[in-house]
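Everything below concerns the one structure shown next.
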Amino acid sequence: MSSQGFVIWFTGLSGSGKSTLAEALAPVLRERGRNVEILDGDIVRTNLSKGLGFSKEDRDTNIRRIGFVASLLARNGVGVITAAISPYQEIRDENRAMTEGDGAVFVEVHAAATVEQCEARDVKGLYAKARAGEIKGFTGIDDPYEEPPSPEVRCETGLDSEERSLDQILDYLESRGLIGKAQS
């Protein structure tokens, strides 16, 4: 097993399953001997990006901050999992370049679910508020989400089970030598 640092960059709409997969993935990686940190978008906004709004400039700043911290950790051998909508391809590409420039591996994972699928399981009621005009600039409703054209892993989270998505990610990480095979 490698001690190579890496960033698993989950991207997808609100409610697509990014945080759920991140939380399920972390203990599996730890069981396989990896030092892992999770940078969840909501938690980072509270602790690292407090005061930022949801304009494009503020969103970009938030995602760049997540990328910077992830890159710092990864270049020191940590496996980092990020779970933030990160709607714009340009900023995701900047974070990839920064991570790879630091000698770590960047793994983009698209939690792919349609707006309708995310809306159907929206426990926070955010989509309803956005459709009612109570939230402006909501990704997928009145602000764009740019799907990654060629992520390392595309999980069909709107259709597949959490276990199936998790297996896809683990298979990819094993194939890259970033984690060892599961012990039987």
Kindly check if the number of other-residue, nucleotide or ligand heavy atoms within 6.0 Å of CD (Glu57) is above 12? no
CG (Leu159) and OG1 (Thr114) are apart, to the nearest 0.5 Å, by 8.0 Å
Could you check whether Glu119 pairs with Arg131 (Lys NZ or Arg NE/NH1/NH2 to Asp/Glu carboxylate O, under 4.0 Å)? yes
Whether Ser16 side chain and Ala113 backbone form a donor-acceptor pair below 3.5 Å: no
Side-chain contact, heavy-atom cut-off 4.5 Å: Arg75 with Thr99? no
Which hydrophobic side chains are connected to Leu126, either touching it within the sub-4.5 Å cutoff or through other members that do? Leu13, Ile85, Val115, Tyr127, Ile135, Phe138, Ile141, Tyr145
The single option from Val7, Val36, Asn35 that satisfies side chain to side chain contact (heavy atoms under 4.5 Å, CB included) with Val78 is Asn35
Check whether any side-chain heavy atom of Ile8 sits under 4.5 Å from a side-chain heavy atom of Leu173, and report yes or no. yes
Does Glu147 reach the main-chain N or O of Gly12 with its side chain, forming a donor-acceptor pair under 3.5 Å? no
Does the side chain of Ile38 reach to within under 4.5 Å of the side chain of Phe10, using non-hydrogen atoms? no
Flag, side chain of Thr157 to backbone of Ala112, donor-acceptor distance under 3.5 Å: yes
Arg34 and Phe6, any side-chain heavy atoms less than 4.5 Å apart: yes
Examine distances only and state if a side-chain atom of Lys18 and a backbone atom of Ala84 form a donor-acceptor pair shorter than 3.5 Å. no
Rounded distance (nearest 0.5 Å) linking atom CD of Glu162 with atom CG of Asp167: 10.5 Å
So, the side chain of Asp60 versus the backbone of Ile91: is there a donor-acceptor pair under 3.5 Å, distance only? no
Ignoring hydrogens and angles, state whether a donor on the side chain of Asp160 or Ser165 is under 3.5 Å from an acceptor on the partner side chain. no
Ignoring hydrogens and angles, state whether a donor on the side chain of Tyr88 or Asp93 is under 3.5 Å from an acceptor on the partner side chain. no
First locate atom CZ of Arg32, then atom CG of Leu178, and finally report the distance between them rounded to the nearest 0.5 Å. 11.5 Å
Is the shortest heavy-atom distance from the side chain of Glu100 to the side chain of Val105 under 4.5 Å? no
Are Glu152 and Val109 side-chain neighbours, meaning at least one heavy-atom pair lies under 4.5 Å? no
Distance in Å, Glu94 CD paired with Gln89 CD, rounded so as to fall on 0.5 Å steps: 11.0 Å
Contact between Leu170 and Leu25 at the side-chain level, heavy atoms closer than 4.5 Å - yes or no? yes
Taking the side chain as every heavy atom from C-beta outward, state whether Pro87 and Glu146 have any atom pair closer than 4.5 Å. no
How far does CD of Glu174 sit from CD1 of Ile179, to the nearest 0.5 angstrom? 5.0 Å
Once rounded to the nearest 0.5 Å, what's the spacing between atom SG of Cys155 and atom CD of Gln168? 4.5 Å
Could you tell me whether Lys56 atom NZ has more than 12 heavy atoms of other residues or ligands within 6.0 Å of it? yes
Just by distance, do the side chain of Asp102 and the backbone of Ala104 share a donor-acceptor pair under 3.5 Å? no
